[in-house]
Colleague: 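Dropping the structure in here first, questions after.
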Amino acid sequence: MLRSTLLAAARSQGVRRLVEANPLTKPVVKRFVAGTTPEDAVSATRALRDQGMHVTLDHLGEDTLDAQQADDTVRAYQRMLSVLKAEGLADRAEVSVKLSAVGQFLPTDGEKIALENARLICEAAADAGTTVTLDMEDHTTTDSTLGILRDLRVDFPWTGAVLQAYLHRTEQDCRDLATEGSRVRLCKGAYSEPASVAYQDKAEVDRSYVRCLKILMEGAGYPMVASHDPRMVSIATDLAARAGRDADSFEYQMLYGIRAEEQRRIAAEGGKLRVYVAYGDEWYGYFMRRLAERPANLVFFLRSLITQS
């Protein structure tokens, strides 16, 4: 119930105005968001690189219905990729892109525009010497996102996909994508979905995650294990070993600001650990989903508000 309430709040403009107007909120947001500017993101990337980690950068923004805003998002990614190249960080950092932020929901030719814009970002990534991963959003966008992925992979076969284990369809999607050279990030899922398309019970989601992970580890692609759950991380390590994978043939992924000590441990022990670093002014929806994912995050947020007031 709490998770559903927080996810509904993530879509509420009224709640958004209240949260953003609270002067005590932004210091707390810094735990999960690297900052608002490209400079903030580059600084975080460099610090993580120096600790032996990899990074994927998300310029925050989603659900845009404004073509100019979509264009601005493309330019923001192009600038970031240019900076990563100039700063010598492209071998450690890639970018993650939400297609809804680059035009997917535009009322006229949204999918076509999103594909063209994503192609521009992929071209900039290729020039910088790095890669792009297409973030997955709610289930209504899954077919569209995977269709755009297929088109992009014709010219940019390294374009990464994200699959969400709480969806009933994901085991088959894993089979379809566990192919040579295919980069697939498997996460549990962070949106409020109906029982008709998604598992509702945590234990069911966990079981689905393990089944999907097994398919990816036994496939020919490159699995990206996105989980903070110690049990899932341990299972991923075991499945990789059983599949005969070496440390460079898959990676673990965790969010900026969550389980930082565990991130450092995995990297120090020779595992490839990539941190998902979000930055930008449009932090509200991302922040609310982080609160919804784990009760501990909400407790941290509320405690911080109390201690700062």
Colleague: So does Gln200 have more than 12 non-hydrogen atoms from other groups sitting under 6.0 Å from CD?
Modeller: yes
Colleague: Say you draw a straight line from CG of Leu239 to CZ of Phe250; how long is it, rounded to the nearest 0.5 Å?
Modeller: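 Atom-to-atom, Leu239:CG and Phe250:CZ are 9.5 Å apart.
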Colleague: Has Ser234 got a side-chain atom pairing as donor or acceptor with Arg231's backbone, closer than 3.5 angstrom?
Modeller: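 Side chain of Ser234 to backbone of Arg231: no pair is present.
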Colleague: Do Ile266 and Met217 sit in the same hydrophobic cluster, where Ile, Leu, Val, Met, Phe, Trp and Tyr count as joined when their side-chain heavy atoms come under 4.5 Å apart?
Modeller: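 Per the 4.5 Å side-chain linkage, Ile266 and Met217 are co-clustered.
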Colleague: Determine, using the 4.5 Å side-chain heavy-atom cutoff (strictly less than), whether Val275 and Met254 are members of one ILVMFWY cluster.
Modeller: yes
Colleague: To the nearest 0.5 Å, tell me how far Asp238 CG sits from Lys214 NZ.
Modeller: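 It comes to 13.0 Å.
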Colleague: Do you know which two heavy atoms are closest between Ser182 and Arg153, and how far apart they sit?
Modeller: OG-NH1, 3.0 Å
Colleague: Please check this pair: side chain of Asp109 against backbone of Lys112, looking for a donor-acceptor N/O pair closer than 3.5 Å.
Modeller: no
Colleague: I want to check something: taking the side chain as every heavy atom from C-beta on, are Leu57 and Leu84 in contact at a cut-off of under 4.5 Å?
Modeller: yes
Colleague: Name all residues meeting the salt bridge (charged side-chain N to carboxylate O under 4.0 Å, His left out) criterion together with Asp173; count only those two or more places apart in sequence or in a different chain, and write none if there are none.
Modeller: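 With neighbours one apart ignored, the set is Arg169.
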Colleague: Does Lys272 NZ have over 12 foreign heavy atoms under 6.0 Å away?
Modeller: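 Yes, the 6.0 Å shell around NZ holds more than 12 heavy atoms from other groups.
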Colleague: Is there side-chain contact between Lys188 and Asp229, with heavy atoms separated by less than 4.5 Å?
Modeller: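 With C-beta onward as the side chain, the pair touches.
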Colleague: Evaluate the side-chain hydrogen bond (donor to acceptor under 3.5 Å, both in side chains) criterion for residues Glu251 and Gln253: first the C-alpha distance (whole Å), next the side-chain angles of each, then the deciding distance (0.1 Å), finally the verdict.
Modeller: CA-CA 7 Å; Glu251 66 184 51; Gln253 295 194 352; 2.7 Å; yes
Colleague: Regarding Asp58 and Tyr279, do their side chains bring together a donor and an acceptor under 3.5 Å, going by distance alone?
Modeller: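 Short answer, no.
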Colleague: For His139 together with Tyr191, are the ring centres under 6.0 Å from each other?
Modeller: no
Colleague: Between Leu115 and Leu152, is there a side-chain heavy-atom distance shorter than 4.5 Å?
Modeller: yes
Colleague: Looking only at heavy atoms, which two atoms of Thr64 and Phe105 are closest? And how far apart?
Modeller: O-CB, 4.1 Å
Colleague: So if you build clusters from Ile, Leu, Val, Met, Phe, Trp, Tyr with side-chain heavy-atom gaps below 4.5 Å, do Val184 and Leu167 land together?
Modeller: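 Result: no, two separate clusters.
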Colleague: Can you tell me how far the CG atom of Leu89 sits from the CG atom of Leu81, to the nearest 0.5 Å?
Modeller: 11.5 Å
Colleague: Between Ala41 and Met80, which heavy-atom pair has the shortest distance, and what is it?
Modeller: CB-CE, 3.7 Å
Colleague: Measuring only between side-chain heavy atoms, which start at C-beta, is Arg274 closer than 4.5 Å to Met53?
Modeller: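 Counting from C-beta outward, Arg274 and Met53 never come under 4.5 Å.
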Colleague: Apply side chain to side chain contact (heavy atoms under 4.5 Å, CB included) to residues Leu60 and Asp281 and explain how you reach the verdict.
Modeller: CA-CA 7 Å; Leu60 291 170; Asp281 293 318; over 6 Å; no
Colleague: I'd like to know if the side chain of Thr131 and the backbone of Glu94 have a donor-acceptor N/O pair within less than 3.5 Å.
Modeller: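 No, Thr131 side chain to Glu94 backbone: no donor-acceptor pair under 3.5 Å.
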Colleague: Is the shortest side-chain heavy-atom distance between Tyr256 and Val33 below 4.5 Å?
Modeller: no
Colleague: Taking His59 for its side chain and Gly280 for its backbone only, find out whether a donor-acceptor pair lies under 3.5 Å.
Modeller: no
Colleague: Take atom CZ of Arg75 as the centre, draw a 6.0 Å sphere, and report whether it contains more than 12 heavy atoms from other residues, nucleotides or ligands.
Modeller: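 More than 12 heavy atoms, drawn from other residues, nucleotides or ligands, come within 6.0 Å of this atom.
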Colleague: Please give me the minimum heavy-atom distance between Arg245 and Gly221, naming the atom from each residue.
Modeller: NH2-O, 3.0 Å
Colleague: Establish whether Leu213 and Met224 are linked, either directly or via other cluster members, by ILVMFWY side-chain heavy-atom contacts under 4.5 Å.
Modeller: no
Colleague: Start with the C-alpha gap between His54 and Leu273, add the side-chain angles, then the distance that decides, and say whether side chain to side chain contact (heavy atoms under 4.5 Å, CB included) holds.
Modeller: CA-CA 6 Å; His54 294 71; Leu273 190 287; over 6 Å; no
Colleague: Between Arg183 and Thr159, is any pair of side-chain heavy atoms under 4.5 Å apart?
Modeller: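 Arg183 does not reach Thr159 side chain to side chain.
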Colleague: Can you tell me how far CZ of Phe32 sits from CG of Leu255, rounded to the nearest 0.5 angstrom?
Modeller: 9.0 Å
Colleague: Within the distance-only criterion (no hydrogens, no angle test), does the side chain of Ser208 pair as donor or acceptor with the backbone N or O of Ala165 below 3.5 angstrom?
Modeller: yes
Colleague: Report the C-alpha separation of Glu262 and Arg265 in whole Å, then their side-chain angles, then the decisive distance to 0.1 Å, and conclude whether the salt bridge (Lys or Arg N to Asp or Glu O under 4.0 Å) test is met.
Modeller: CA-CA 5 Å; Glu262 176 68 358; Arg265 181 194 68 78; 2.7 Å; yes
Colleague: Decide yes or no on side chain to side chain contact (heavy atoms under 4.5 Å, CB included) for Met232 and Asp206, but give the supporting numbers first.
Modeller: CA-CA 8 Å; Met232 292 302 150; Asp206 286 351; 3.5 Å; yes
Colleague: Hey, does the side chain of Thr141 reach the backbone of Asp138 with a donor-acceptor pair shorter than 3.5 angstrom?
Modeller: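 Between the backbone of Asp138 and the side chain of Thr141 there is a qualifying donor-acceptor contact (under 3.5 Å).
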Colleague: Out of curiosity, does Leu177 fall in the hydrophobic cluster containing Trp158 (side-chain heavy atoms, cut-off under 4.5 Å, transitive links)?
Modeller: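 Both belong to a single hydrophobic cluster.
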Colleague: If only atom types and distance count, is the side chain of Thr170 paired as donor or acceptor with the main-chain N or O of Tyr166 below 3.5 Å?
Modeller: no
Colleague: Answer yes or no: is there a donor N or O on one side and an acceptor on the other, between the side chain of Glu111 and the main chain of Gly147, under 3.5 Å?
Modeller: no
Colleague: Report the C-alpha distance between Asp40 and Thr37 in whole Å, list the side-chain angles of each, state the deciding distance to 0.1 Å, and finish with yes or no for side-chain hydrogen bond (donor to acceptor under 3.5 Å, both in side chains).
Modeller: CA-CA 5 Å; Asp40 293 332; Thr37 69; 3.1 Å; yes
Colleague: If you compare all heavy atoms of Arg185 against all heavy atoms of Ala226, which two are closest, and at what distance to 0.1 Å?
Modeller: CG-CB, 3.7 Å
Colleague: Checking side-chain contact (heavy atoms from CB on, under 4.5 Å) between Asn117 and each of Val74, Val97, Ile148, which is the one that passes?
Modeller: Val74
Colleague: Run the numbers on Val162 and Leu134 for side chain to side chain contact (heavy atoms under 4.5 Å, CB included), then give the verdict.
Modeller: CA-CA 7 Å; Val162 177; Leu134 299 184; over 6 Å; no
Colleague: Got Cys174 and Arg211 here, is their nearest side-chain heavy-atom distance under 4.5 Å?
Modeller: no
Colleague: Apply the test side-chain hydrogen bond (donor to acceptor under 3.5 Å, both in side chains) to residues Thr133 and Ser96: give CA-CA distance (whole Å), side-chain angles for both, the deciding distance (0.1 Å), then the verdict.
Modeller: CA-CA 5 Å; Thr133 296; Ser96 288; 4.8 Å; no
Colleague: Is a side-chain donor or acceptor of Glu137 paired with a backbone partner of Ser100 at a separation under 3.5 angstrom?
Modeller: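 At least one qualifying donor-acceptor pair exists.
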Colleague: Any side-chain heavy atom of Gln68 within less than 4.5 Å of one from Asp71?
Modeller: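 Of all side-chain heavy-atom pairs linking Asp71 with Gln68, at least one is under 4.5 Å.
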Colleague: Please round to the nearest 0.5 Å and tell me the distance separating atom CG of Asp135 and atom NZ of Lys98.
Modeller: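 Result: 4.0 Å between the selected atoms.
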Colleague: Arg46: what forms a salt bridge (charged side-chain N to carboxylate O under 4.0 Å, His left out) with it, not counting sequence neighbours?
Modeller: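 Residues passing salt bridge (charged side-chain N to carboxylate O under 4.0 Å, His left out) with Arg46: Glu87.
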Colleague: How far does CD of Glu269 sit from OG1 of Thr237, to the nearest 0.5 angstrom?
Modeller: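 These two atoms lie 9.0 Å from each other.
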Colleague: Please check: side-chain N/O of Tyr209 versus main-chain N/O of Leu186, any donor-acceptor pairing under 3.5 Å?
Modeller: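 At least one qualifying donor-acceptor pair exists.
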Colleague: Give me the atom names and distance for the closest heavy-atom approach of Pro223 to Ser249.
Modeller: CD-O, 3.5 Å
Colleague: Do any side-chain atoms of residues 118-129 form donor-acceptor pairs under 3.5 angstrom with protein atoms, and if so which ones, sequence neighbours left out?
Modeller:
unit_1	atom_1	unit_2	atom_2	d
Arg119	NH1	Asp155	OD2	2.8
Asp127	OD2	Lys85	NZ	3.3

